[in-house]
*Asks:* 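Pasting a structure below so you can have a look.
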Amino acid sequence: MAAAAAELTGMEPLSGIPGSVGGACYMNAGTYGSSMADVLKSVRVYKPSRPVEDGGICGSGAIIDFDVDELNLGYRKSRIADDGFIVLSATFRLAPGNAAMIRADMDGYRERREEKQPLEMPSAGSTFKRPEGHFVGKLIMDAGLRGYACGGAQVSEKHCGFVVNADHATAADDDELIRHIQAEVKQQFDVDLEPEVHRVREFM
Ligand SMILES: Cc1cc2nc3c(=O)[nH]c(=O)nc-3n(C[C@H](O)[C@H](O)[C@H](O)COP(=O)(O)OP(=O)(O)OC[C@H]3O[C@@H](n4cnc5c(N)ncnc54)[C@H](O)[C@@H]3O)c2cc1C
């Protein structure tokens, strides 16, 4: 909405992706054929002197500016993730546009998302990355898993590519369901589904 208010065009397809600018850069978030790689100009990062998990965030590090071409942005991957950088700020390259048209485009993308995705229920977004030559939702549906649940975590009835929190799901429920989906899709179609969501630890 800030881009629309500033009459700047280019971010419309990305406008419905929830989260922070730093998270979007780290993930190279994207949708509808567009991603952060298309709109970023440069990013200012903090490079910890040691890995963050070893206390690097507290030590002396360096502040570095990277042009977008130096960030190795790919499908849900980035040098920011690979090298453990912390995004401090980002500069975008957008073009002058008409505020009303930008808002109308953003509304159109939002309506498409609301129609297809289970945005009325809590989720972490698309659970898996798109495997080459397949659609995740269709694979999971064809595996007979529409509505399948582990505890409170459920394969969305509306879009099988989403695991939703149907009833007080725990992280362990989510994890169990993700592993079950991966196993079923592998067994039935010999396709490996790689999670798009990040596990921050193992759940037993
Ligand atoms: C309903 C829904 C729909 C979604 N649709 C999409 C979609 O269409 N396309 C898409 O790509 N994603 C989608 N997502 C996933 C998510 O919104 C994006 O990946 C988003 O960019 C993550 O941003 P975040 O700020 O929430 O980061 P988090 O999810 O909190 O973090 C993601 C990663 O980024 C790191 N990170 C966060 N901030 C920084 C920083 N400042 N510097 C360095 N690293 C950082 C975190 O450590 C973590 O490893 C969706 C999620 C939901 C819930």
Side-chain angles (χ1 to χ4, degrees), residues 1-3 10-40 42-58 61-66 68 70-92 105-131 135-137 153-166 169 171 174-175 177-178 193-201:
M1 293 319 277
M11 297 199 82
E12 293 87 330
L14 308 175
S15 60
I17 301 176
S20 62
V21 168
C25 293
Y26 179 106
M27 296 293 290
N28 186 28
T31 187
Y32 296 122
S34 178
S35 74
M36 290 293 280
D38 300 314
V39 291
L40 271 179
S42 62
V43 165
R44 174 163 292 182
V45 304
Y46 174 72
K47 180 186 178 189
S49 53
R50 284 172 287 145
V52 172
E53 57 272 22
D54 294 342
I57 190 77
C58 304
I63 292 176
I64 310 174
D65 290 318
F66 287 107
V68 64
E70 300 174 286
L71 291 174
N72 303 340
L73 296 176
Y75 180 47
R76 303 297 169 266
K77 60 184 183 188
S78 69
R79 182 176 178 184
I80 298 160
D82 294 342
D83 290 357
F85 296 151
I86 312 286
V87 176
L88 301 176
S89 64
T91 307
F92 294 91
D105 271 357
M106 287 180 172
D107 287 347
Y109 284 112
R110 181 174 44 73
E111 282 162 20
R112 281 167 72 178
R113 291 172 78 90
E114 284 173 355
E115 193 186 315
K116 298 219 167 93
Q117 301 178 3
L119 301 184
E120 63 284 355
M121 297 182 81
S123 81
S126 298
T127 309
F128 300 99
K129 293 185 182 177
R130 192 183 57 248
F135 291 105
V136 173
Q154 186 183 33
V155 174
S156 166
E157 302 264 1
K158 188 170 176 184
H159 186 317
C160 294
F162 285 67
V163 166
V164 294
N165 183 348
D174 252 36
D175 194 51
L177 182 53
I178 287 171
L193 290 181
E194 184 190 344
E196 183 168 329
V197 297
H198 293 186
R199 290 184 177 91
V200 291
R201 67 176 177 86

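Just follow the structure's listing: the first ligand is 1, and inside any ligand the first atom is 1. Nothing here was measured: the structure is a model prediction, and the numbers come from that model. Every heavy atom of this structure was used, including side-chain atoms; hydrogens, water molecules and symmetry mates were not.
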*Asks:* Considering both backbone and side-chain atoms of Arg76, is one of its nitrogen or oxygen atoms within less than 3.5 Å of a nitrogen or oxygen in ligand 1?
*Replies:* yes

*Asks:* Mind checking whether Val87 has an N or O less than 3.5 Å away from an N or O of ligand 1?
*Replies:* yes

*Asks:* Are there more than 12 heavy atoms of other residues, nucleotides or ligands under 6.0 Å from atom CZ of Phe135?
*Replies:* no

*Asks:* Got the closest protein heavy atom to atom 9 (N) of ligand 1, with its distance?
*Replies:* Gly30 O, 2.8 Å

*Asks:* List the steps, then state whether side chain to side chain donor-acceptor pair (under 3.5 Å) holds for Asn28 with Ser35.
*Replies:* CA-CA 6 Å; Asn28 186 28; Ser35 74; 3.3 Å; yes

*Asks:* Determine the minimum heavy-atom distance between Ala153 and Ala169, stating which atoms define it.
*Replies:* N-CB, 3.5 Å

*Asks:* May I ask you to identify the nearest protein heavy atom to atom 15 (C) of ligand 1, giving residue, atom name and distance to one decimal place in Å?
*Replies:* Ala124 O, 4.2 Å

*Asks:* So is there a nitrogen or oxygen of Ala29 less than 3.5 Å from a nitrogen or oxygen in ligand 1?
*Replies:* no

*Asks:* Of all the non-hydrogen atoms in the protein, which one sits nearest to atom 14 (N) of ligand 1, and at what distance?
*Replies:* Ile17 CG2, 4.2 Å

*Asks:* Starting from atom 28 (P) of ligand 1, what is the nearest protein heavy atom, named by residue and atom, and what distance separates them?
*Replies:* Gly23 CA, 5.0 Å

*Asks:* Got the closest protein heavy atom to atom 21 (O) of ligand 1, with its distance?
*Replies:* Ala24 CA, 3.3 Å

*Asks:* Are Asp83 and Lys47 ion-paired here, with the side-chain N under 4.0 Å from a carboxylate O?
*Replies:* no

*Asks:* Quick one: which of Arg113, His198, Gln117 has a heavy atom closest to atom 5 (N) of ligand 1?
*Replies:* Arg113

*Asks:* If you define the side chain from C-beta out and look only at heavy atoms, does anything of Glu120 sit under 4.5 Å from Lys158?
*Replies:* yes

*Asks:* If you scan the protein for heavy atoms around atom 30 (O) of ligand 1, do you find one that is closer than 4.0 Å?
*Replies:* no

*Asks:* Please find the pair of heavy atoms, one from Gln154 and one from Ala166, that lie closest to each other, and give the distance.
*Replies:* OE1-CB, 3.5 Å

*Asks:* Is at least one protein non-hydrogen atom found at under 4.0 angstrom from atom 47 (O) of ligand 1?
*Replies:* no

*Asks:* In the protein, what heavy atom is nearest to atom 44 (N) of ligand 1, and what distance, to one decimal place, separates them?
*Replies:* Tyr26 CD1, 3.3 Å

*Asks:* Atom NZ of residue position Lys77 - does it have more than 12 heavy atoms of other residues, nucleotides or ligands inside 6.0 Å?
*Replies:* no

*Asks:* Can you tell me which residue and heavy atom of the protein come closest to atom 19 (O) of ligand 1, and the distance to 0.1 Å?
*Replies:* Met27 CG, 3.5 Å

*Asks:* Just which atoms of ligand 1 are under 4.0 Å from any heavy atom in Ser123?
*Replies:* 53 (C)

*Asks:* Among protein heavy atoms, which lies nearest atom 16 (C) of ligand 1, and at what distance?
*Replies:* Pro18 O, 3.8 Å

*Asks:* Show the nearest heavy-atom pair for residues Val197 and Ser126, with the distance to one decimal.
*Replies:* CG1-O, 4.1 Å

*Asks:* Are any of the heavy atoms in Phe85 under 4.0 Å away from ligand 1?
*Replies:* yes

*Asks:* Taking all atoms of both residues into account, what is the closest heavy-atom pair of Ser78 and Tyr26, and its distance?
*Replies:* OG-O, 2.7 Å

*Asks:* Which option, Leu14, Ile80, Leu119, Ile86, owns the non-hydrogen atom nearest atom 1 (C) of ligand 1?
*Replies:* Leu119

*Asks:* Any salt bridge linking Asp107 with Arg110? Criterion: basic side-chain nitrogen under 4.0 Å from a carboxylate oxygen.
*Replies:* yes

*Asks:* Less than 4.0 Å between atom 38 (N) of ligand 1 and some protein heavy atom, yes or no?
*Replies:* yes

*Asks:* Please identify which atoms of ligand 1 are closer than 4.0 Å to at least one heavy atom of Gly19.
*Replies:* 23 (O), 24 (P), 25 (O), 26 (O)

*Asks:* Taking all non-hydrogen atoms of both residues into account, name the closest pair between Pro195 and Ile178 and its distance.
*Replies:* CG-CG2, 4.3 Å

*Asks:* Cation-pi check, Arg79 to Phe85: give yes when NZ or CZ is under 6.0 Å from the six-membered ring centre and within 45° of the ring axis, no otherwise.
*Replies:* no

*Asks:* Provide the number and element of each atom of ligand 1 under 4.0 Å from a heavy atom of Thr31.
*Replies:* 8 (O)

